[in-house]
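Report on one structure; see the data block that follows.
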Amino acid sequence: MSDNLPTVEFPAAIVDLTYPLMRLRQALDGKGPVRIVAMGSSSTAGRADVVPYPYRLEMYLRQYFKDVVPRPDIRIDVLNRGKGGEEANEELGRFEADIFREGPALVIWQVGTNAVFHNEKYDVDIVAGNIREGLAQLRARGFEVLVIDPQFVTKMLWDDRAELADKMVRLIREAANEAEVNLFQRWSLMRHWHVQNNVSLEQLIDTGDPDKLHQNDWSTQQVSLALKNAIIKALGPMA
């Protein structure tokens, strides 16, 4: 990838979260470590030499509460519960061990990519139903939830996947709205970079990935920064 990295925008209309993060705010006002669980597939788990967003988010949040809002009493742990190749169908079975037992102040659920990528294996309508079921379980237990939709990359735009990706993004948005949980619009954000900021698809993906599905280190960093900014803004002013 060229050293001349493009400049990208984080439009508030795309990045800002709908609901305040009250449970996370309360945890940050308390004592002891603050846990965030990141559930998802390979872009959560990480692959090759790309540092995935959970580790970056942990670093950015810790840095924020060290340098911007000095709170030496706060320790934030982002627990990476990503597993490559999985979708909501399989992830529901991991909720008890990977989310419920941890008692996190915030659950981040990255979902929907494999429903499109492995379109021979999954039915997006069934996946959407499992997303709704998962959100219902999380809400019933009082968890605060932030859903992340798929990445805007080459593989998701090939052949019949483009229409399927649009449908999956729409179904995730509808599920998040119905459950009244936050949605981080990764798809729309990366599309904005491509269309409005003239970032090529080659600059967004890991060119060493033969599937042309996974983001590179730079675009993962930008998404992670946008996510951190969205979370900080949704927390509101902190002393």
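- Using a distance-only test at 3.5 Å, with no hydrogens or angles considered, a donor-acceptor pair links the side chain of W193 to the main chain of E9.
- Rounding to the nearest 0.5 angstrom, the gap separating the CG atom in L164 from the OH atom in Y122 is 13.0 Å.
- Considering CZ of F143 and CH2 of W109, their distance stands at 13.0 Å, rounded to 0.5 Å.
- Taken together through direct or relayed side-chain contacts under 4.5 Å among Ile, Leu, Val, Met, Phe, Trp and Tyr, V8 and V50 form parts of separate hydrophobic clusters.
- Using modelled atom types, no side-chain atom of S42 and backbone atom of A45 make a donor-acceptor pair closer than 3.5 Å.
- Judged by distance alone, the side chain of N216 and the main-chain N or O of Q203 form a donor-acceptor pair under 3.5 Å.
- Defined by atom type and a distance below 3.5 Å, a donor-acceptor pair is missing between the side-chain atoms of T207 and E202.
- Using a 4.0 Å cut-off between charged side-chain N and carboxylate O, D149 and R173 make no salt bridge.
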List the atom pairs, with distances to 0.1 Å, where a side-chain N or O of residues 92-106 and a protein N or O form a donor-acceptor pair under 3.5 Å, not counting sequence neighbours.
residue : atom : partner : partner atom : Å
R94     : NE   : E86     : OE1          : 2.8
R94     : NH1  : R81     : O            : 2.9
R94     : NH1  : D98     : OD2          : 2.7
R94     : NH2  : R81     : O            : 3.2
R94     : NH2  : E86     : OE1          : 3.0
E102    : OE1  : R35     : NH1          : 2.6
E102    : OE2  : R81     : NH2          : 3.2

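- Within a 6.0 Å radius of CZ in R191, other residues, nucleotides and ligands contribute 12 heavy atoms or fewer.
- Grouping the Ile, Leu, Val, Met, Phe, Trp and Tyr side chains by contacts below 4.5 angstrom, directly or via other members, places Y19 apart from F184.
- Classification of D217 and R56 as a salt-bridged pair holds, one side-chain N sitting under 4.0 Å from a carboxylate O.
- Although no hydrogens or angles enter the test, the distance criterion places a donor-acceptor pair under 3.5 Å between the side chain of E144 and the main chain of R23.
- Distance alone, capped at 3.5 Å, places no donor-acceptor pair between the N114 side chain and the H118 backbone.
- For the atom pair CG of N229 and CD1 of I231, the computed distance is 9.5 Å after rounding to the nearest 0.5 Å.
- A salt bridge is defined here as a Lys NZ or Arg NE, NH1 or NH2 lying under 4.0 Å from an Asp or Glu carboxylate O, and D166 with R170 fails to meet this definition.
- For the atom pair L235 CG and F65 CZ, the distance stands at 5.5 Å (nearest 0.5 Å).
- V195 and M156 fall into different hydrophobic clusters, where Ile, Leu, Val, Met, Phe, Trp and Tyr side chains are chained together by heavy-atom contacts under 4.5 Å.
- When each of D16, L21, V15 is tested with K233 by the rule side chain to side chain contact (heavy atoms under 4.5 Å, CB included), just one qualifies, namely D16.
- Within 6.0 Å of the CZ atom in R75, the count of heavy atoms belonging to other residues, nucleotides or ligands does not exceed 12.
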Any chance you could lay out the salt bridge (Lys or Arg N to Asp or Glu O under 4.0 Å) test for D125 and K167, step after step, and finish with the verdict? CA-CA 9 Å; D125 291 304; K167 181 178 180 180; 3.1 Å; yes

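- Not a single donor-acceptor pair under 3.5 Å links the side chain of N197 to the backbone N or O of V199.
- A donor and an acceptor atom, one from each side chain of R186 and Q215, are located under 3.5 Å apart.
- A 6.0 Å sphere centred on CD of E178 holds more than 12 heavy atoms belonging to other residues, nucleotides or ligands.
- Residues K212 and D206 are not paired through a salt bridge, judged by the lack of any N-O separation under 4.0 Å between the basic side chain and the carboxylate.
- Remark: the backbone N or O of L17 is not paired with any side-chain donor or acceptor of N182 at under 3.5 angstrom.
- Of the residues listed (L146, I76, V34, L61), the one engaging L24 in a side chain to side chain contact (heavy atoms under 4.5 Å, CB included) is V34, and it is the only one.
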For R62 and D77: C-alpha separation, side-chain torsions, deciding distance, then whether salt bridge (Lys or Arg N to Asp or Glu O under 4.0 Å) applies. CA-CA 9 Å; R62 286 182 176 184; D77 295 326; 2.6 Å; yes

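- To the nearest 0.5 Å, the span separating NZ on K228 from CD on Q221 amounts to 11.0 Å.
- A side-chain N or O of Q110 and one of S41 form a donor-acceptor pair less than 3.5 Å apart.
- A continuous path of hydrophobic side-chain contacts links L225 to V69 [ILVMFWY only; heavy atoms under 4.5 Å].
- Atom CD1 in I148 sits 9.0 Å away from atom CG in L183 (nearest 0.5 Å).
- Linking Ile, Leu, Val, Met, Phe, Trp and Tyr residues whenever their side-chain heavy atoms come within less than 4.5 Å leaves I108 and V51 in two separate clusters.
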